[in-house]
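We're numbering straight along the sequence, starting at 1. Both ligands and their constituent atoms are indexed starting at 1 by order of listing.
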Amino acid sequence: METVEPKDRKNFLPFALPSIGEAEIAEVVDALRSGWVTTGPKVKRFEADFAEYLDAQHTIAVSSCTAGLHIALAALGIGPTDEVIVPTLTFCSTANVVVHLGARPILVDVQEDFNVVTKAIEAAITPRTKALIPIHYGGQACDLQEIYEMAAHYNLAVVEDAAHAVGATYQGHKIGSNTLQDVTRKPPTVTAFSFYATKNMTTGEGGLISTADDDLAEHMRLLALHGMSRDAWKRYTDAGSWYYEVVLAGYKNNMTDIQAALGIHQLRRLPGFIQTRQAYARLYDQAFAALAEIETPVTHPDRSHSYHLYVIRLNLERLTLDRAQFIEALKTRGIGSSVHFIPVHLQPFYRRHFGYRRGDLPQAEGLYERIISLPLYPRMTEADVQDVITAVTDIIARHRK
Ligand SMILES: Cc1ncc(COP(=O)(O)O)c(C=O)c1O
């Protein structure tokens, strides 16, 4: 076995990089010069543009997807003694927000496409279950039809964690759109998107929640900014008044105009970003199809994948190195990669507070040992994609059993 791994690239290829253009930069400068650096007209414009893009009734820009999930659950009245079902193969914040409200996250298993097992949700339902948070892992929708049917049957609220899934579709309808009700028979309760730096579009940090429910939208808008009945923009313009009322003990989860300045232009470029991601994913699929040592992502014909992530699964029984060594071998060749995610139930806090143990959610644990997220973003060139393919192929050739 070869022990010295070759160094292929001169420059390290980071796992992820945003594509920020001149239009975004000029809009941020405009926000800075205008004096509106907090929530103001650019946030309003971004929300309106996003509502049109999604075909959504209400859109509320917030400081992060985590903040959006938090206020969605709070507006739905989730609190102590409630249980909320969350797939374990997610970022910790999906479960943390449940804990923040004093409720209990019930972590459930996932399947080979990395999305939640619908039957596992059903098995976890108890009289205390109030809501579930399906995530659209990597940018591919989970089985929304089954999930909404079950939620309707058991009278559960659904908050979709669409951190990865801006621009993804399910049976031809965008995640978070009103028209999804054609297949789910009722509009999505709340959908939360992330604009974190690595996501398909970015505002640096930021998020947005969409809903078709008027009352819920009003409630979430209040919760996003201290529970104040008028936001600063309404108070400080010539049409405004100094008077406001605090009608709820809300949070400080608003988006700023500096973030929205980025978002307005990132949203315009989003369809192109997704096309490039899909084209690069096809290059990976084709290059890896013949390799028995790895499996490419499982995709469903009724969904369009927005490819926030491209995650390969190693067939470890065919390899002489494990996942951590594979990542190191990629690094030596100048290729960054990552792991999405360490299952939440294996994290110390969740073991300590909720008694989870290794072995509780075996499919997620099995996947966790085998997964690597490869670089996939529009700022990569086709030559970069080829470098990743060459590195993966070469590592396999050297470490085949
Ligand atoms: C599945 C999932 N949910 C939620 C989040 C939180 O997003 P944000 O960083 O915008 O709060 C992330 C972020 O990486 C995520 O991957």
Side-chain angles (χ1 to χ4, degrees), residues 15-18 46 50 59-74 84-101 105 107-108 110 113-116 131-142 144 147 158-168 175-176 188 190-210 220 223-224 251-256 259-260 262-263 266-267 270 277 297 305-311 337-345 347 350 364 367-368 371 373 376-377:
F15 167 66
L17 277 178
F46 180 52
F50 216 94
T59 47
I60 302 165
V62 285
S63 52
S64 66
C65 179
T66 307
L69 293 169
H70 190 181
I71 59 180
L73 293 178
V84 178
I85 297 173
V86 175
T88 191
L89 200 67
T90 185
F91 186 57
C92 59
S93 70
T94 323
N96 285 351
V97 291
V98 177
V99 178
H100 294 161
L101 291 164
L107 299 166
V108 297
V110 299
D113 68 359
F114 309 118
N115 274 329
V116 67
L132 48 108
I133 315 181
I135 85 153
H136 304 301
Y137 180 102
Q140 180 168 238
C142 53
L144 285 175
I147 286 172
V158 181
V159 175
E160 291 175 44
D161 179 339
H164 302 177
V166 61
I175 296 303
V190 184
T191 307
F193 299 97
S194 172
F195 310 131
Y196 178 69
T198 59
K199 297 298 192 289
N200 284 13
M201 57 170 278
T202 187
T203 57
E205 296 279 358
L208 180 138
I209 38 185
S210 72
M220 292 193 296
L223 284 174
Y251 304 98
K252 183 74 164 56
N253 287 353
N254 54 312
M255 179 183 273
T256 69
Q259 292 166 297
L262 285 166
Q266 288 275 295
L267 180 60
L270 181 66
R277 286 175 177 272
H305 200 316
S306 64
Y307 284 107
H308 163 54
L309 299 176
Y310 188 92
V311 180
S337 60
S338 192
V339 174
H340 297 86
F341 297 91
I342 303 168
V344 175
H345 75 281
Q347 296 289 4
Y350 286 88
L367 281 169
Y368 166 57
I371 50 180
S373 306
L376 177 73
Y377 46 96

Separation of Leu73 CG from His100 NE2 (nearest 0.5 Å): 11.0 Å
Close approach of His340 to ligand 1, heavy atoms, under 4.0 angstrom: no
Under 4.0 Å from any heavy atom of Thr90, which atoms of ligand 1 are there? 1 (C)
Would the Phe195 and Phe46 ring centres measure less than 6.0 Å apart? yes
Heavy atoms, side chains only, cut-off 4.5 Å: are Tyr350 and Asn96 in contact? yes
Gly207 near ligand 1 by a heavy-atom separation under 4.0 Å: no
Using a 4.0 Å heavy-atom threshold (strictly under), name the region of Cys65 that reaches ligand 1: side chain, backbone, both or neither. both
For ligand 1, is any non-hydrogen atom under 4.0 Å from Tyr137's backbone (N, CA, C, O), its side chain (CB onward), both, or neither? neither
Return yes when Gly206 approaches ligand 1 closer than 4.0 angstrom through a heavy atom, no otherwise. yes
Is any side-chain heavy atom of Thr66 less than 4.5 Å from a side-chain heavy atom of Tyr196? no
Check Thr94 against ligand 1 and report side chain, backbone, both or neither, counting heavy atoms closer than 4.0 Å. side chain
Close-contact set for ligand 1 against Ile135 heavy atoms, below 4.0 Å: 1 (C)
Please check if the side chain of Glu205 supplies one atom and the backbone of Ser63 the other of a donor-acceptor pair under 3.5 Å. no
Are Tyr137 and Asp113 side-chain neighbours, meaning at least one heavy-atom pair lies under 4.5 Å? no
Give a yes or no on whether the backbone of Leu107 and the side-chain of Thr88 come within a donor-acceptor separation of less than 3.5 Å. no
Ala163 heavy atoms within 4.0 Å reach ligand 1 at atoms 2 (C), 3 (N), 4 (C), 5 (C), 12 (C), 15 (C)
Going by the atom numbers of ligand 1, which of them fall below 4.0 Å from some non-hydrogen atom of Phe341? 16 (O)
Can you pull out the closest protein heavy atom to atom 5 (C) of ligand 1? Residue, atom name and distance to 0.1 Å, please. Ser93 OG, 3.5 Å
Protein contact to atom 11 (O) of ligand 1 [nearest heavy atom, distance to 0.1 Å]: Thr66 OG1, 2.4 Å
Measure the spacing between CE of Met220 and NE2 of His70 and express it to the nearest 0.5 Å. 13.5 Å
Worked check of ring pair (Phe, Tyr, Trp, His ring centres under 6.0 Å) between Phe15 and His340: CA-CA 12 Å; Phe15 167 66; His340 297 86; 5.6 Å; yes
For atom 14 (O) of ligand 1, what is the closest protein heavy atom, and at what distance to 0.1 Å? Lys199 NZ, 2.7 Å
Only one of Leu144, Ile147, Val190, Ile209 passes side-chain contact (heavy atoms from CB on, under 4.5 Å) with Glu160, and that residue is Leu144
Can you check whether Asp161 has an N/O within less than 3.5 Å of an N/O in ligand 1? yes
Between Ser194 and ligand 1, does any nitrogen or oxygen pair lie at a separation below 3.5 Å? yes
Identify, for atom 16 (O) of ligand 1, the protein heavy atom at the shortest distance, and state residue, atom and that distance. His164 NE2, 2.7 Å
